[in-house]
Amino acid sequence: MEDYTVGMVLTFFLIITKLVGSGKHIPTTLDGPFDPVTIRFDPSLRQGSDDIPMNDPRLKKNVTSIFPEQIALAVSTPTSMWVSWVTGLEPGIKYYYKCGDSSLSAMSEEHVFETLPLPGHSSYPRRIAVIGDLGLTRNSSTTIDHLTKNDPSLILMVGDLTYANQYLTTGGKGVPCFSCAFPDAPIRESYQPRWDGWGRFMEPLISKVPMMVIEGNHEIEPQVAEITFKSYLTRFAVPAEESGSNSNFYYSFDAGGVHFVMLGAYVDYNSTGAQYAWLKEDLGKVDRTVTPWLVAAWHPPWYNSYSSHYQEFECMRQEMEELLYQYGIDIVFSGHVHAYERMNRVYNYTLDSCGPVYITVGDGGNIEKVDVDHADVPGKCPSQGDNKPEFGGVCHLNFSSGPAKGRFCWDRQPEWSAFRESSFGHGILEVLNSTYALWTWHRNQDIYKEDSPGDQIYIVRRPELCFPSTTLKVISPFNTSSESTILHYFLLISCGKRNGIFIKNNDDYALYMLS
């Protein structure tokens with residue numbers, strides 16, 4: 001095995017180009033690590049916008065009190081879906097439904113959804129939309145219009161949904177900075193009708209496509225008697241019990257050949273706590289021959305080169321990163337920072353070909369505006385007293401090795417930051433087979449452009465490198481001149497019918513199948 005170099009990226013790329021016929025080169029993570037790239041904020045765009053008012057037709061109540069509204073879907077198990085609760089579903093089937101009380105003749109309009117595929121290495125959700133820090137502004141509206149146009153089959157919402165806590169309890173006008181506008185407010189107030197408006201605004205999408213949520217800091221909403229997260233816990237169904245969790249703040253679920261782990265950053269994440277114990281048990285149960293892909297999501301990013309929230313959740317990283325790395329997490333999605341950033345594969349601030357691909361998509365369009373400052377720009381590095389988390393301790397550190405050794409901030413874009421841009425948008429993950437997934441980030445300003453992604457890359461799993469216990473069997477060696485054989489096996493692998501890789505030795509290829 002030592003004498004071989006992995007050549008599947010070249011083989012796969014040539015065949016993909018031939019099959020698609022576009023001729024457009026899309027890089028893969030095998031091409032990395034990449035030199036850092038920054039696309040700065042376009043000054044011709046507005047950095048933010050006001051909230052949509054409650055009298056907008058998309059937000060105001062349009063049914064009488066006995067009729068259902070704010071209808072939403074969520075995954076429960078591979079054969080059941082939360083509407084209120086629907087079970088006994090078949091995979092990949094369209095179901096039509098109404099909500100309400102038929103005895104009162106108070107039924108909703110007819111809705112339709114399509115169930116996701118059962119867990120299995122050969123079946124995957126068609127498109128997985130990933131979005132964070134959405135809010136309810138004009139920018140949020142563009143984000144959802146763009147996302148809907150991209151026709152997802154599943155939505156991951158990585159926290160900070162409504163921004164109802166940018167208002168006083170009595171309502172009025174929402175503000176980008178609550179403490180700036182209301183310095184005398186005794187607590188961080190919240191205007192609950194914004195939650196209702198958000199539910200109505202989202203219903204056309206999430207009554208058709210299941211949305212899986214995780215809490216962010218804007219969902220805390222403290223009340224008297226130390227009550228927190230009341231709206232989040234009341235309004236959203238998550239498969240906590242189904243996944244063995246005792247809390248709606250963290251859970252897991254399967255969608256085809258992907259196992260998703262949704263973690264809570266605003267509850268105890270210490271290695272001695274309940275969430276960590278649950279996570280370790282959950283990861284230990286994952287069968288990578290059934291669900292090859294392991295995707296995690298939580299709200300605040302661990303890897304972040306923006307000034308905003310820089311090293312804010314370093315404590316959580318120090319507690320949990322080693323466990324996630326040990327179990328081979330493939331991709332991590334976060335929000336919190338109101339911009340886009342994709343990392344090179346990284347572990348413990350060191351480039352690592354077996355580390356996850358961390359992606360920040362906190363650019364949904366909320367009222368707090370887009371983040372534009374980078375911590376590596378002179379004068380923009382936060383002090384170690386800044387960016388204190390709303391939960392947990394402060395573990396800010398100076399880097400102990402590498403180009404930033406001895407410093408709190410880099411003097412240039414960190415080597416683990418592959419691409420960053422200050423724009424609103426959303427992402428789409430298309431899992432193609434057990435080793436390849438296409439990630440595309442769509443900017444809002446490109447909504448009317450065809451085939452114009454802001455960022456696009458094939459994320460490639462490498463179980464043969466990162467899981468040495470996995471055995472490889474040589475099915476057959478063949479020469480590169482046997483193009484039909486290469487194409488045949490590529491099609492089998494890309495369609496999920498076989499699990500394997502192409503390994504190159506000089507001008508010869510061998511097909512290795514995972515067992």
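All values below come from the heavy atoms of this structure, side chains included, with hydrogens, waters and symmetry mates left out. On a predicted model such as this, the values are computed, not experimentally measured, just so you know. By convention here, the first residue in the shown sequence is residue 1.
Partners of Ser271 under the side-chain hydrogen bond (donor to acceptor under 3.5 Å, both in side chains) rule, at least two apart in sequence or in another chain, are Glu319. Remark: Ser422 engages no residue in a side-chain hydrogen bond (donor to acceptor under 3.5 Å, both in side chains) (not counting sequence neighbours). Among residues two or more places apart in sequence or in another chain, the side chain to side chain contact (heavy atoms under 4.5 Å, CB included) test is passed with Phe178 by Leu168, Phe182, Ala185, Arg188, Glu189.
Asn433 places a side-chain N or O within 3.5 Å of a backbone atom of Tyr436 that can act as its donor or acceptor partner.
Between Phe229 and Phe236, the ring centre distance reaches or exceeds 6.0 Å. In this structure, Trp439 has its ring center under 6.0 Å from that of Phe333. Not less than 6.0 angstrom separates the ring centroid of Phe408 from the ring centroid of Phe399. Phe424 and Tyr340 have their aromatic ring centers separated by at least 6.0 angstrom. Aromatic pair Tyr269/Tyr250: ring centres not closer than 6.0 Å.
Results of the side chain to side chain donor-acceptor pair (under 3.5 Å) test with Glu421 over Arg40, Arg342, Arg443 single out Arg443 as the only residue that passes. Checking each of Asp376, Asp373, Asp371, Asp363 against Arg420 for a salt bridge (charged side-chain N to carboxylate O under 4.0 Å, His left out) leaves exactly one that passes, namely Asp376. Residue Arg412 is tested with Ser417, Pro36, Pro403 for a side chain to side chain contact (heavy atoms under 4.5 Å, CB included); the sole match is Pro403.
Judged by distance alone, the side chains of Glu215 and Trp298 never bring a donor and an acceptor atom under 3.5 Å apart. Residues Thr77 and Glu242 bring no donor and acceptor atom of their side chains to less than 3.5 Å of each other. Under 3.5 Å, the side chains of Thr289 and Asp287 contain a donor-acceptor pair of N or O atoms.
Nearest approach of Leu432 to Tyr458, heavy atoms of both residues: CD1-CE2, 3.5 Å.
Aromatic ring orientation, Phe260 versus Phe253: parallel (interplanar angle below 30°, classes split at 30° and 60°).
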Under 3.5 Å, which donor-acceptor pairs link side chains of residues 130-137 to any protein atom two or more places apart or in another chain?
{"from": "Asp133", "atom 1": "OD1", "to": "His336", "atom 2": "N", "distance (Å)": "2.8"}
{"from": "Asp133", "atom 1": "OD2", "to": "Tyr163", "atom 2": "OH", "distance (Å)": "3.1"}
{"from": "Asp133", "atom 1": "OD2", "to": "His336", "atom 2": "N", "distance (Å)": "3.4"}
{"from": "Asp133", "atom 1": "OD2", "to": "His338", "atom 2": "NE2", "distance (Å)": "3.3"}
{"from": "Thr137", "atom 1": "OG1", "to": "Asn139", "atom 2": "N", "distance (Å)": "3.1"}
{"from": "Thr137", "atom 1": "OG1", "to": "Ser140", "atom 2": "N", "distance (Å)": "3.1"}
{"from": "Thr137", "atom 1": "OG1", "to": "Ser140", "atom 2": "OG", "distance (Å)": "3.1"}
{"from": "Thr137", "atom 1": "OG1", "to": "Gly365", "atom 2": "O", "distance (Å)": "2.5"}

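Note on residues 391-409: pairs passing side-chain hydrogen bond (donor to acceptor under 3.5 Å, both in side chains), not counting sequence neighbours, are Gln384-Asn398. Within the structure, disulfide (SG to SG under 2.5 Å) pairs that include any residue of residues 307-349 comprise Cys315-Cys395 (at least two apart or interchain).
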